[in-house]
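Indexing begins at 1, ligand by ligand and atom by atom, following the structure's order. Just the heavy atoms: all of them, side chains too, but no hydrogens, waters or symmetry mates, feed the values below.
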Amino acid sequence: MRTIKGIPVSSGVVIGRVFVIDEGQPRRVVRREVDPADVPAELERFDLARRAAIEELNALHKEAADEMGEEAAKIFLFHIGALSDKAVLGPIRRMIEQERVAAEYACTISLRTLAERFANHPDSTFRTKVSDITDLGARLVGILTGREQQRLSHIEPNTVIVARDLTPSQTAGFDRSKVIAIATDFGGQTSHTAIVARALGLPAVVGLRELTLHARDGQAIVVDSERGQVMLDPDEATLAEAGRDAERAKRSRITLEEGVGLPALTTDGVAIELLGNIEFPTEIPAVLNGGGVGVGLYRTEFLYLTSDHEPTEEEQTREYIDCVKRLGGLPLTIRTLDLGADKYTQQRAETPERNPFLGLRSIRYSLRNTEMFRRQLRAILRASAHGPVRVMFPLVTNIAEFRRAKYFLHESMEDLDESKEAYDREISVGMMVEVPAAALMASSFAREVDFFSIGTNDLVQYTLAVDRINEQVAGLYTPVHPAVLKLIRDVSRVAARAKLPVSCCGESASDPAFAALLIGLGVRSLSVTASSLPRLRMAVRGLDSKRCERIAKRAMSFDSETETAAYVRDRIRKLVPEVFDGRSAE
Ligand code: PEP
Ligand code: MG
């Protein structure tokens with residue numbers, strides 16, 4: 001048995017079988033081992049890929065010869081020749097046979113070694129062929145891993161997806177009747193993959209660093225996100241314990257769900273509005289079942305991420321109206337596109353950026369792609385004719401951005417006036433407070449916005465300079481850091497003075513300890529993943545707002561986040577022992 005520690009991001013304990021996903025980026029192919037009995041099948045897999053590559057290259061050669069002449073097309077003949085050359089194929093096959101590794105890994109390593117040999121060759125004819133060898137490797141790996149989709153459609157029940165990393169849309173696309181958990185090498189608590197896993201109620205542990213080095217398809221695995229670890233080839237005792245934990249977790253879920261109909265009031269009678277965060281309209285029933293009284297954050301970028309084209313204005317309108325209808329009169333807060341950073345992998349980004357979290361993302365991206373922005377704004381406005389809709393802009397950092405975004409909203413209103421389409425003229429326009437600059441300038445923004453929504457996922461990362469998806473610095477990602485709490489306090493005070501609604505829609509809001517701090521800092525509206533709503537309601541019902549105020553005040557008085565975390569954890573554990581899951585607030 002091998003135990004690997006990681007970061008628990010979506011709760012649950014499951015016992016299943018490994019399914020390794022390898023996206024096969026040439027430099028990032030994992031060393032996946034195959035069972036000795038599966039070596040002939042792996043050799044066959046390689047041969048099929050080789051033949052498919054030759055077919056592709058023959059077609060490319062013909063096309064190039066027609067368009068550019070035989071001389072220019074010759075390059076493809078070199079590639080085709082290499083795919084029949086023993087000097088190229090021999091090492092790949094030997095590696096699969098002797099080291100018992102997956103074909104894509106053998107191709108990557110063998111062709112990389114060959115490319116290096118060519119690069120150092122005294123004869124310049126060889127040196128000019130280096131990029132051709134690299135291309136060839138990428139083509140083979142692409143074909144081999146392109147079959148992932150096909151493999152995925154044949155997975156067995158009780159599958160645990162193991163990968164270096166997963167995009168949020170990949171995670172959202174898994175067949176939930178078969179996939180019971182995910183475990184990845186990379187990632188952090190508030191990465192969007194983690195958020196989607198929570199939204200789907202899919203147990204997940206990320207940041208496992210070397211898991212893919214050891215995991216093999218079909219291997220038995222326990223994913224224990226209560227303890228933040230996975231066990232490969234679990235022994236009997238571990239399996240028995242995991243079974244008991246799974247049972248206990250189920251019972252506790254049932255108890256929490258029984259409280260869903262109860263009002264979200266603190267013990268001293270302060271009402272806390274509980275809303276849901278969604279990525280897809282289909283999550284709305286879960287929000288309502290969890291007792292949510294509306295949607296506080298609709299991450300519309302998922303509409304773009306799960307489609308191979310930019311959704312048209314019509315498609316967006318349909319989607320937003322669908323949400324409004326499903327909510328039956330409860331409010332829907334639509335956040336405009338928050339693309340960039342972790343939502344596109346760097347391979348998919350239009351122009352990979354050196355520092356994507358500080359780059360062209362969110363409102364910056366929309367203000368650079370204004371036609372697209374206007375299509376989205378018109379769709380939001382059109383949906384507002386069907387029920388209560390609010391619009392919110394992400395990552396606003398300066399007033400000019402907010403004004404420009406609003407200007408486009410007004411232009412979109414004029415477009416609809418011209419085409420005589422109905423919309424809500426009084427639509428509320430708010431902003432996310434998720435960078436320290438916005439928090440510090442809250443009083444200036446308060447003169448122009450209708451509401452604030454504090455996004456702690458990003459606020460924490462930008463305040464503490466800790467990448468929210470980098471497992472190497474996950475220990476430094478501390479929402480209870482006094483610096484973060486002081487920013488939240490300031491925003492909350494400004495909002496109270498200006499009589500503006502303020503909510504918190506970051507993941508930390510679902511942690512009972514952090515929720516207590518938010519209540520203590522004056523926040524009265526919390527928006528979280530649907531699956532977190534029952535536990536959060538239970539926490540609210542066990543808290544006293546005045547006591548929360550005192551805890552928050554004390555928490556801000558410490559010099560270090562470790563003291564704050566220990567103090568808060570201790571206090572809340574005593575106040576609401578039944579709901580404290582002990583995960584965050586560290
Ligand atoms: C946040 O940053 O806290 C937030 C809610 O937005 P996202 O997680 O989509 O960046
Ligand atoms: Mg954010």
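Close N/O approach between Arg335 and ligand 1 is found [any backbone or side-chain N/O within under 3.5 Å]. Close N/O approach between Leu459 and ligand 1 is not found [any backbone or side-chain N/O within under 3.5 Å].
Taking the six-membered ring wherever Trp is involved, the centroid distance between the rings of Phe445 and Phe452 does not fall below 6.0 Å.
Counting heavy atoms from C-beta on, the side chains of Thr564 and Leu485 come closer than 4.5 Å.
Distances below 4.0 Å separate heavy atoms of Gly506 from the following atoms of ligand 1: 3 (O). Taking every non-hydrogen atom of Arg299 and a distance limit under 4.0 Å, the qualifying atoms of ligand 1 come out as 4 (C), 5 (C), 6 (O), 7 (P), 8 (O), 9 (O). Within ligand 1, the atoms closer than 4.0 Å to a non-hydrogen atom of Leu297 are 5 (C), numbered from 1 in the order shown.
Residue contacts to the Mg ion (ligand 2): Asp338 brings no N, O or S atom closer than 2.8 Å.
Here Ser527 contributes atom OG and Leu533 contributes atom CG; the two are 8.0 Å apart, rounded to the nearest 0.5 Å.
Of the residues Thr300, Thr317, Thr336, the one that meets the side-chain hydrogen bond (donor to acceptor under 3.5 Å, both in side chains) test with Gln376 is Thr300.
Electrostatic pairing of Arg209 and Glu471 does not count as a salt bridge here, judged by no charged N lying under 4.0 Å from a carboxylate O.
Among the heteroatoms counted here (N, O or S) of Asp458, OD2 is the one nearest to the Mg ion (ligand 2). Taking the N/O/S atoms of Glu434 in turn, the shortest distance to the Mg ion (ligand 2) belongs to OE1.
Residue pairs meeting the salt bridge (Lys or Arg N to Asp or Glu O under 4.0 Å) criterion with at least one partner in residues 382-398, sequence neighbours excluded, are Glu313-Arg382, Glu314-Arg382, Arg382-Glu421.
Only the side chain of Asp338 comes within contact range of ligand 1, with a heavy atom under 4.0 Å; no backbone atom does.
Distances from atom 8 (O) of ligand 1 to the heavy atoms of Arg468, Gln461, Met432 show the closest one on Arg468.
For Arg374, the side chain to side chain contact (heavy atoms under 4.5 Å, CB included) partners at least two apart in sequence or on another chain are Glu371, Arg378, Phe408, Glu411, Ser412, Asp415.
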